[in-house]
Amino acid sequence: MKRFIILLVTLLGTVACTSAPTGLSKMPAPIEPALIEYQMGVGDRIAVQVWKAPELSVTVPVRPDGKISVPLVGDVKAAGVSASTLAKGLTNDFAGYVRNPQVTVVVLDPVSAEFLHRVRVTGAVNQPLSINYRQGMTVMDVVLQAGGVTEFAKPNKAKLYRK
């Protein structure tokens with residue numbers, strides 16, 4: 001219980017120390033997170049579906065060289081590209097073989113993002129850990145999953161690092 005109170009006081013102290021803009025009669029509108037398209041990476045499993053051409057539809061992994069193999073088209077770069085961009089490129093590539101191709105690309109298993117979007121908790125916590133980031137996750141959630149701070153921790157000296 002004592003640890004929880006210390007943690008709660010620490011987080012409230014951190015929030016209380018943030019400065020708010022002065023001289024404004026209105027509160028600024030909340031900032032919504034930008035919608036960024038997922039960039040495929042090595043190891044991701046993707047499905048390429050060509051409408052009315054099931055023989056051209058495939059489910060393939062992104063190879064270590066960053067490419068996928070697609071019937072008729074051959075090897076296509078997929079790493080570092082969004083699904084919609086790849087679909088547009090494949091639509092153009094299939095245009096020489098299929099009349100009015102409609103291509104859909106779906107990321108089935110985003111393996112490459114597993115270590116890019118992780119939260120790591122180290123230091124004076126009971127169980128150092130590394131977990132996948134989920135939208136809405138708070139510092140309190142992560143510290144609680146790490147089992148709270150140890151008796152030797154200095155919660156007021158805690159640091160949060162982020163990109």
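Side-chain N or O atoms of R118 include one that pairs as donor or acceptor with a backbone N or O of S130 at under 3.5 Å. Looking only at distances, a side-chain donor or acceptor of S57 sits under 3.5 Å from a matching main-chain atom of V50.
Of the N and O atoms on the side chains of S84 and Y38, not one donor lies less than 3.5 Å from an acceptor on the other residue.
For V98, the side chain to side chain contact (heavy atoms under 4.5 Å, CB included) partners are L56, P101, not counting sequence neighbours.
The list of side-chain hydrogen bond (donor to acceptor under 3.5 Å, both in side chains) pairs with a residue in residues 88-100, not counting sequence neighbours, is empty.
Separating the CD1 atom in I46 from the CG atom in L108 is a distance of 8.5 Å, to the nearest 0.5 Å. Interatomic distance, R120 CZ to I131 CD1, rounded to the nearest 0.5 Å: 10.5 Å. A distance of 14.0 Å separates CE of M140 from CE of M137, quoted to the nearest 0.5 Å. Rounding to the nearest 0.5 Å gives a distance of 10.0 Å between CD of Q127 and CD of Q145.
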CA sep, side-chain torsions, deciding dist, call: W51, V103, side-chain contact (heavy atoms from CB on, under 4.5 Å): CA-CA 6 Å; W51 187 61; V103 180; over 6 Å; no

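With salt bridges taken as basic N to acidic carboxylate O contacts below 4.0 Å, one links R63 and D75. In this structure, K67 does not pair ionically with D65, as no charged nitrogen and carboxylate oxygen lie closer than 4.0 Å.
Looking at every heavy atom in both residues, K77 comes nearest to L86 through O-CD1, 3.8 Å. Counting all heavy atoms, side chain and backbone alike, P61 lies closest to I68 at O-CG2, 3.7 Å. For the pair T59 and A47, the tightest heavy-atom approach, listed with the atom from each and the gap, is OG1-CB, 3.9 Å. Between P64 and V42, the shortest heavy-atom contact is CA-CG1, 3.6 Å.
V81 and V73 fall within a single hydrophobic cluster, where Ile, Leu, Val, Met, Phe, Trp and Tyr side chains are chained together by heavy-atom contacts under 4.5 Å.
Checking each of V111, D44, V107 against V62 for a side chain to side chain contact (heavy atoms under 4.5 Å, CB included) leaves exactly one that passes, namely D44. For the side chain to side chain contact (heavy atoms under 4.5 Å, CB included) with V139, the qualifying choice from L160, V119, V121, L144 is L160, the only one to do so.
Side-chain contact check for V76 versus L90: some heavy-atom pair is nearer than 4.5 Å.
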